[in-house]
Enquirer: 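Next up is a structure, given as structure tokens.
Just the heavy atoms: all of them, side chains too, but no hydrogens, waters or symmetry mates, feed the values below. It should be emphasised that the depicted structure is a prediction, and the values quoted were computed from it without experimental measurement. Throughout, protein chains are lettered first and strands after them, A, B, ... in sequence-line order, and every chain is numbered starting at 1.
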Protein chains: 2
Amino acid sequence: MNPEIKERFNAFLKSKNLRQTDQREVIFKAAFATDDHFTAEDLLAKTKAIDPTTSRATVYRTISLLIDAGLLREIDLGGDLKHYDPNFNDHPNHAHLICVDCGKVIEFSDDNLSVIEDCIVRRMGFRPSSSSLRVEACCEQLRQSGTCPDLINARLVRKKVPMR
Amino acid sequence: MNPEIKERFNAFLKSKNLRQTDQREVIFKAAFATDDHFTAEDLLAKTKAIDPTTSRATVYRTISLLIDAGLLREIDLGGDLKHYDPNFNDHPNHAHLICVDCGKVIEFSDDNLSVIEDCIVRRMGFRPSSSSLRVEACCEQLRQSGTCPDLINARLVRKKVPMR
DNA sequence: TTGGGTGCAAATCGTTTGCAACAGA
DNA sequence: TCTGTTGCAAACGATTTGCACCCAA
């Protein structure tokens with residue numbers, strides 16, 4: 001995990017006169033240990049694996065802090081739960097492709113796409129500040145062979161496949 | 001309002017052995033009277049304006065039906081409430097630009113964008129089925145003149161500006 | 001010391017559901 | 001008639017909040 005992110009969190013806390021607590025430390029670690037996205041409940045579980053005494057309320061409150069600090073982003077994976085993505089620090093403009101067959105989530109980014117999007121928005125008289133793209137798609141493997149390796153997990157679990 | 005959409009709804013109901021009821025009629029009318037997007041609560045209000053006896057439960061149930069029928073799409077406007085967009089029938093690939101200053105929502109679509117997106121996803125081995133793009137941006141007018149005509153409505157109300 | 005932080009449990013709020021009465025086909 | 005449909009109120013589930021106690025600075 002990129003140590004610079006932790007620096008930024010500490011700086012953010014200081015700038016707002018907020019405190020560096022053990023709980024915030026643990027939740028931060030849990031959130032950025034991998035670049036997997038997660039729900040609030042996922043993060044509570046990851047956190048409790050490190051320190052079982054951490055409360056759900058504090059996890060929610062810390063998620064808000066991390067978002068305010070610009071370190072975490074809420075992403076729309078199309079389900080009913082909110083998902084959070086800790087990977088925008090390393091890949092600022094990535095989008096999400098969701099396999100409608102197995103629920104796999106694949107991150108991708110493309111400069112041509114970013115540039116075109118930027119142009120269109122500017123031509124409309126705006127200055128882009130953030131964008132979020134989600135594509136749902138079927139995998140060719142399933143289409144051709146009638147099966148998909150991850151089909152068992154379909155819909156319920158949205159597994160992440162990291163960027164390149 | 002495009003009368004063909006109503007046909008499609010009726011055909012959908014028939015195909016599923018579902019019934020054409022007065023409530024579904026009224027809710028449908030309320031949803032497609034304009035091409036404005038709405039929340040469930042918005043739709044309940046629009047519906048009650050026509051027939052005050054319609055219940056919240058039926059509105060929610062009918063929204064699900066309209067989505068299953070492919071006539072209505074859930075869209076992500078970034079807030080906490082789910083929004084629904086009845087305008088994908090006339091503009092199948094449109095995206096949403098949200099002004100971070102006044103909350104205005106502007107629909108747009110662009111063929112270059114659609115094509116590039118399609119190419120990228122296919123190159124990754126998938127066949128695209130649906131995509132959702134939301135861009136947040138600041139309006140130049142605010143940046144230059146320090147004011148924006150709709151600033152008063154900032155954040156809370158997300159007003160819609162229709163396509164072209 | 002002191003103002004922010006925490007855990008707990010209760011409250012909130014959008015959405016779903018069980019059920020008895022109702023109504024298309 | 002036979003099912004699907006409705007309204008109501010209760011249930012649900014994710015998230016937020018009030019509060020008394022706790023602790024970083």
Enquirer: Within 45 degrees of the ring normal and closer than 6.0 Å to the centroid, is that where the cationic atom of B:K6 sits relative to B:F28?
Expert: yes
Enquirer: Among residues 40-55 of chain A, which residues get a heavy atom nearer than 4.0 Å to DNA chain C?
Expert: A:T53, A:T54, A:S55
Enquirer: Quick one: what's the B/S/- string for nucleotides 20-25 of chain C, heavy-atom cutoff under 4.0 Å, read 5' to 3'?
Expert: ---BBS
Enquirer: Over all strands shown, is B:D80 touching base, sugar-phosphate only, or nothing at heavy-atom distances under 4.0 angstrom?
Expert: nothing
Enquirer: Side-chain N or O of B:Y60 versus OP1/OP2 of C:dT16: is the shortest distance under 4.0 Å?
Expert: no
Enquirer: Rounded to whole Å, please give me the gap between CZ in A:R56 and P in D:dG13.
Expert: 12 Å
Enquirer: Ignoring hydrogens and geometry, is there a side-chain-to-backbone donor-acceptor pair from B:D35 to B:F32 under 3.5 Å?
Expert: no
Enquirer: B:N17 has an atom CG; how far is it from atom P of D:dC2, in whole Å?
Expert: 16 Å
Enquirer: Out of A:H96, A:H37, A:H91, which residue meets the side chain to side chain donor-acceptor pair (under 3.5 Å) rule with A:D85?
Expert: A:H96
Enquirer: So, B:R134 side chain and A:S131 main chain: donor-acceptor pair closer than 3.5 Å or not?
Expert: no
Enquirer: Ignoring hydrogens and geometry, is there a side-chain-to-backbone donor-acceptor pair from B:D68 to B:L65 under 3.5 Å?
Expert: no
Enquirer: Might you point out which heavy atoms bring B:I67 and B:Y84 nearest each other, and give the distance in Å?
Expert: CD1-CE2, 3.6 Å
Enquirer: Listing time: all N or O pairs from protein to nucleotides 18-22 of chain D that are below 3.5 Å?
Expert:
none

Enquirer: Looking for any heavy atom pair under 4.0 Å, which part of the strands does B:R24 touch: base, sugar-phosphate only, or nothing?
Expert: sugar-phosphate
Enquirer: For a quick test of reading the model: is some side-chain N or O of A:Q23 closer than 4.0 Å to OP1 or OP2 of D:dC23?
Expert: no
